[in-house]
Amino acid sequence: MSQILTKSPKHCGNKQGVNLDKFNKKLFKAFSALFLSILSLIFLVWLVLHPSKPEFSLQEVNVYQLNLSGTHLLNSSIQLTLLSKNPNQKVGIYYDDLQVYASYKGQQITADTSLPPFYQGHEERNILTASLGGTGLPVASSFGYEVGRDQTAGKLVLSLKMNGRLRWKVGTWVSGRYRFNVNCVSIMDFGPTIPSGPLSSKQGTQCSTTV
C-alpha cells in the first residue's frame with residue numbers, strides 16, 4: 001500500500017513566514033545600501049567643494065543719535081553699510097532671516113532690523129545697508145558714565161552685529177539651513193571738540209564670521 005504524504009496547514013504557514021522574513025531582510029539591505037550610497041555621494045561632493053564661509057567688511061557707520069532719556073532709557077539712530085562677499089568659485093549662497101543691530105560694551109543699543117533675503121552667486125559681492133534705531137531702550141545705569149569716559153578718551157567703540165541663516169547651492173542641489181553670525185567693530189573719533197553728530201567711520205574693517 002502506498003503512502004500519501006501531506007503537509008499540514010501549520011507547516012505551510014511557517015514556510016511562508018520564513019520566506020516573508022527573508023524578503024523583508026533583502027528589502028531592508030537594499031534600501032540601506034541606497035541610503036548609504038546617497039550619503040556617501042553628498043559627503044564626497046562636500047569634501048571636493050568644501051565651501052568657504054562668506055566674508056563681510058564694514059564700509060561705513062554714521063551715528064546720528066545716542067542720547068539718554070532719563071537715567072537708563074536710550075534713543076539711538078545709526079546708519080551702516082556692509083560689503084558681503086562669496087569667496088567660493090563653485091558654490092552659491094542663499095541668505096535668510098537676516099537681523100542687524102548695534103551694541104555698546106555688551107549692551108544692545110538698537111532694536112533688531114530685518115534685511116531682505118537674497119542670493120549671492122559665485123565670487124559675487126553685494127552692498128548691504130541698514131538703518132538702525134531705538135526709542136526708550138533700557139540700558140544699564142552705568143551707560144552714561146561709560147560714554148562720558150569714552151568721550152574723554154576720544155574714541156567710541158561700537159559693535160555692529162548680524163545674525164541669520166544661510167544655504168549652500170551647488171548646481172541644482174541646495175543644502176539645509178545653517179546659522180551664521182557676523183561681528184564688526186567700528187572705532188570713531190569722539191571727543192569734546194567733535195560735533196554732537198553724526199559720528200562717522202569709513203575704515204573698511206574686516207568683520208569676523210562664524211557658521
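Using modelled atom types, one finds no donor on one side chain facing an acceptor on the other under 3.5 Å when comparing Gln65 with Ser76. For the residue pair Thr110 and Gln108, no side-chain donor N or O sits within less than 3.5 Å of a side-chain acceptor on the partner. Between Ser114 and Gln99, the side chains place a donor N or O and an acceptor N or O closer than 3.5 Å (distance only, hydrogens not considered).
The two residues Ala111 and Leu137 make their nearest non-hydrogen contact at N-CD1, 3.9 Å. Here the closest heavy-atom approach between residue Ser131 and residue Gln79 is recorded as OG-OE1, 2.6 Å. Nearest heavy atoms, Gly92 versus Tyr119: CA-OH, 3.4 Å. When all heavy atoms are compared, the tightest approach of Asn183 to Ser159 is OD1-CB, 3.8 Å.
For the salt bridge (charged side-chain N to carboxylate O under 4.0 Å, His left out) condition, the pairs that include at least one residue of residues 129-146, sequence neighbours left out, are Glu146-Arg149.
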Step by step, would you call Gln59 with Lys202 a side chain to side chain contact (heavy atoms under 4.5 Å, CB included)? CA-CA 6 Å; Gln59 299 299 294; Lys202 299 180 180 181; over 6 Å; no
Check the pair Leu83 / Ile127 against side chain to side chain contact (heavy atoms under 4.5 Å, CB included), numbers first and verdict last. CA-CA 5 Å; Leu83 174 64; Ile127 294 293; 3.6 Å; yes
Between Leu160 and Leu58, does a side chain to side chain contact (heavy atoms under 4.5 Å, CB included) hold up when you go through it step by step? CA-CA 9 Å; Leu160 292 310; Leu58 191 59; 4.0 Å; yes
Side chain to side chain contact (heavy atoms under 4.5 Å, CB included) evaluation trace for Ser103 with Lys161: CA-CA 8 Å; Ser103 69; Lys161 299 177 181 290; 3.5 Å; yes
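Using a 4.5 Å heavy-atom threshold, the side chains of Asp112 and Val100 count as separate. Taking 4.5 Å as the limit, some side-chain heavy atom of Tyr104 sits within range of a side-chain heavy atom of Val147. Looking at Trp168 and Tyr94, their side chains never come closer than 4.5 Å, going by heavy atoms from C-beta outward. You'll find the side chain of Leu158 reaches within 4.5 Å of the side chain of Met188, heavy atoms only. Residues Glu55 and Ser84 have side chains not in contact (no heavy-atom distance under 4.5 Å, counting atoms from C-beta outward). Residues Leu74 and Phe143 meet the side-chain proximity criterion, which asks for heavy atoms closer than 4.5 Å. With a 4.5 Å cut-off on side-chain heavy atoms, Val182 and Ser208 do not count as touching. Asp189 is not listed as a side-chain neighbour of Leu199, based on a closest heavy-atom distance of 4.5 Å or more.
The CG atom of Leu98 sits 5.0 Å away from the CZ atom of Phe180 when rounded to the nearest 0.5 Å. For the atom pair OH (Tyr95) and CG (Leu128), the distance works out to 8.5 Å, reported to the nearest 0.5 Å. Considering OG1 of Thr113 and CE of Met162, their distance stands at 12.5 Å, rounded to 0.5 Å. Between the CZ atom of Phe56 and the SG atom of Cys207 there is a distance of 8.5 Å, given to the nearest 0.5 Å. Taking CG of Asn62 as the reference point, atom OG of Ser200 lies at 3.5 Å (rounded to 0.5 Å). Atom CG of Asn75 is separated from atom CG of Asn67 by 7.0 Å, given to the nearest 0.5 angstrom.
With hydrogens and angles disregarded, a donor-acceptor distance shorter than 3.5 Å links the side chain of Lys169 to the backbone of Gly171. With Asn88 contributing its side chain and Ser52 its backbone, the two residues share a donor-acceptor pair below 3.5 Å. Looking only at distances, no side-chain donor or acceptor of Lys53 sits under 3.5 Å from a matching main-chain atom of Thr210. Side chain of Asn86 to main chain of Val91: a donor-acceptor pair is present (N/O by atom type, distance under 3.5 Å, no hydrogens or angles).
Note on Val211 and Val174: separate hydrophobic clusters, where clusters join Ile, Leu, Val, Met, Phe, Trp and Tyr whose side-chain heavy atoms are under 4.5 Å apart, directly or indirectly. A chain of hydrophobic side-chain contacts below 4.5 Å, direct or via other Ile, Leu, Val, Met, Phe, Trp or Tyr residues, connects Ile109 to Leu132. Hydrophobic clustering (ILVMFWY, side-chain heavy atoms < 4.5 Å, transitive): Tyr145 and Leu156 are in distinct clusters. Residue Val185 is not grouped with residue Tyr101 when hydrophobic side chains (ILVMFWY) are merged at heavy-atom distances under 4.5 angstrom, including chains of intermediate members. A chain of hydrophobic side-chain contacts below 4.5 Å, direct or via other Ile, Leu, Val, Met, Phe, Trp or Tyr residues, connects Ile78 to Leu82.
Between Arg177 and Asp97, at least one side-chain N (NZ, or NE/NH1/NH2) sits under 4.0 Å from a carboxylate O, which counts as a salt bridge. Between Asp150 and Lys155 no salt bridge is recorded (no basic side-chain N to carboxylate O distance below 4.0 Å).
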